[in-house]
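Below is one structure, written out as structure tokens; comments come after it.
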Number of protein chains: 2
Amino acid sequence: MLKITRKVEYALIALRHMQQASEHSVSSTTEIATQYGIPQHLLAKILQQMARDNLIQALKGPAGGYKIKADLDKISLKDFFEKLEGPLGLMDCYFNTDCLQMKSCNILTPLQRINQNMRDMFSKTTLMEITQ
Amino acid sequence: MLKITRKVEYALIALRHMQQASEHSVSSTTEIATQYGIPQHLLAKILQQMARDNLIQALKGPAGGYKIKADLDKISLKDFFEKLEGPLGLMDCYFNTDCLQMKSCNILTPLQRINQNMRDMFSKTTLMEITQ
DNA sequence: ACTATATACGACTATTTTAATCGTATATAA
DNA sequence: TTATATACGATTAAAATAGTCGTATATAGT
Ligand code: FES
Ligand code: FES
């Protein structure tokens with residue numbers, strides 16, 4: 001329970017890889033996928049999404065690849081997770097008032113407090129703290 | 001991402017319900033299931049597990065049900081989650097050294113730090129804080 | 001211009017995890 | 001004896017996640 005997805009893990013691995021590559025070089029999908037044993041096509045989709053989100057920049061053609069575009073020091077893990085996977089919360093009802101269609105959920109208020117703690121924790125952590 | 005399971009949510013709802021019932025009364029599965037719209041058979045299994053874990057005590061027969069047995073003030077949310085759902089961590093490799101069979105995971109160390117933060121947070125919160 | 005290599009992207013399939021159901025056994029108060 | 005409750009394993013259904021496939025497009029190098 002409470003695990004990050006492979007998608008997020010692959011994204012973090014790729015970010016760190018690029019972060020540690022030299023400033024002006026690019027890293028290709030193939031290069032990253034083979035080095036860390038990530039399914040290439042899957043990684044490709046993830047990198048494409050990160051490019052759309054302006055986290056990284058794509059360079060097409062031979063000798064192309066990606067390099068980091070955003071300032072990783074200014075992006076929280078919470079924002080990163082939400083970019084990739086959508087709403088981040090312990091319960092669905094944090095974003096959606098349906099609340100499991102329950103007549104009356106008796107733990108909503110206390111759970112929201114815990115949830116806020118968790119979100120705060122991920123808000124205070126930057127991407128840089130993982131990729132540096 | 002990072003959501004608790006329905007199982008855990010149902011368990012918490014039931015605990016709070018019992019906590020708020022009078023000291024010497026018992027709450028039956030049917031009573032709780034109907035009040036909160038939880039599938040009865042599913043809730044039954046969850047309550048049985050909590051009884052095995054000595055969180056609650058079962059009383060069989062007509063007018064039977066469950067009542068709280070453990071001291072909820074002394075049980076952390078982390079321990080509760082792990083009782084119900086097993087190992088609690090952001091990554092599988094926190095407990096299992098396989099680490100996705102990756103040749104070399106470059107984010108293991110930083111992720112473990114974040115993971116520890118999360119576990120600490122749930123360790124510091126007691127069940128009572130949700131059920132009271 | 002051609003070719004090889006790379007990103008782009010939608011559709012599809014497979015796998016895993018979670019959620020829910022079913023059937024049957026056992027205990028016990030009335 | 002009966003009605004009501006817990007106990008528990010087996011099975012099925014649904015949802016979320018992970019991975020694959022096919023095809024299009026861009027571009028550096030030749
Ligand atoms: S249904 Fe949302 S917290 Fe219970
Ligand atoms: S494989 Fe475990 S943190 Fe990367």
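Labels below follow one simple rule: chain letters A, B, ... track the order of the sequence lines, proteins then strands, and each chain is numbered from 1.
- A sub-4.0 Å separation between OP1 or OP2 of D:dC8 and a side-chain N or O of B:R52 is present.
- Atom CD1 in A:I38 sits roughly 12 Å away from atom P in D:dA18 (whole-Å rounding).
- For A:R6, the listed nucleotide lying nearest its side chain is D:dG19; candidates were C:dT28, D:dG19, C:dA20.
- At D:dA18, none of the side-chain N or O atoms of A:Y10 fall inside 4.0 Å of OP1 or OP2 (strictly under the cut-off).
- Projected onto DNA chain C by closest heavy-atom contact, A:K3 and A:S28 fall at different nucleotides, the more 5' of which corresponds to A:S28.
- Between B:E85 and B:A63, it is B:E85 whose nearest contact on DNA chain C lies nearer the 5' terminus.
- In this structure, A:N106 contributes its side chain and B:I13 its backbone to a donor-acceptor pair below 3.5 Å.
- Side chains of A:L2 and B:L90 form no contact here, defined as non-hydrogen atoms less than 4.5 Å apart.
- Residue B:Y66 places none of its side-chain N or O atoms closer than 4.0 Å to OP1 or OP2 of D:dA5.
- Put simply, CG on B:L84 is 18 Å from P on C:dT17, counting in whole angstrom units.
- As judged by a 4.0 angstrom heavy-atom cut-off over every strand, B:K7 is placed among residues touching the sugar-phosphate backbone only.
- Of the candidates B:T30, B:T34, B:T29, B:T30 is the only one forming a side chain to side chain donor-acceptor pair (under 3.5 Å) with B:Q40.
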Do A:E82 and A:R119 pass the salt bridge (charged side-chain N to carboxylate O under 4.0 Å, His left out) test, and can you show the C-alpha distance, the side-chain angles, and the key distance before you say yes or no?
-> CA-CA 11 Å; A:E82 294 201 323; A:R119 288 175 57 87; 2.9 Å; yes

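- Atoms CD1 (B:I4) and C1' (C:dT17) sit 16 Å apart, rounded to a whole Å.
- Side-chain nitrogen and oxygen atoms of B:T5 include none within less than 4.0 Å of the OP1 or OP2 phosphate oxygen of C:dT18.
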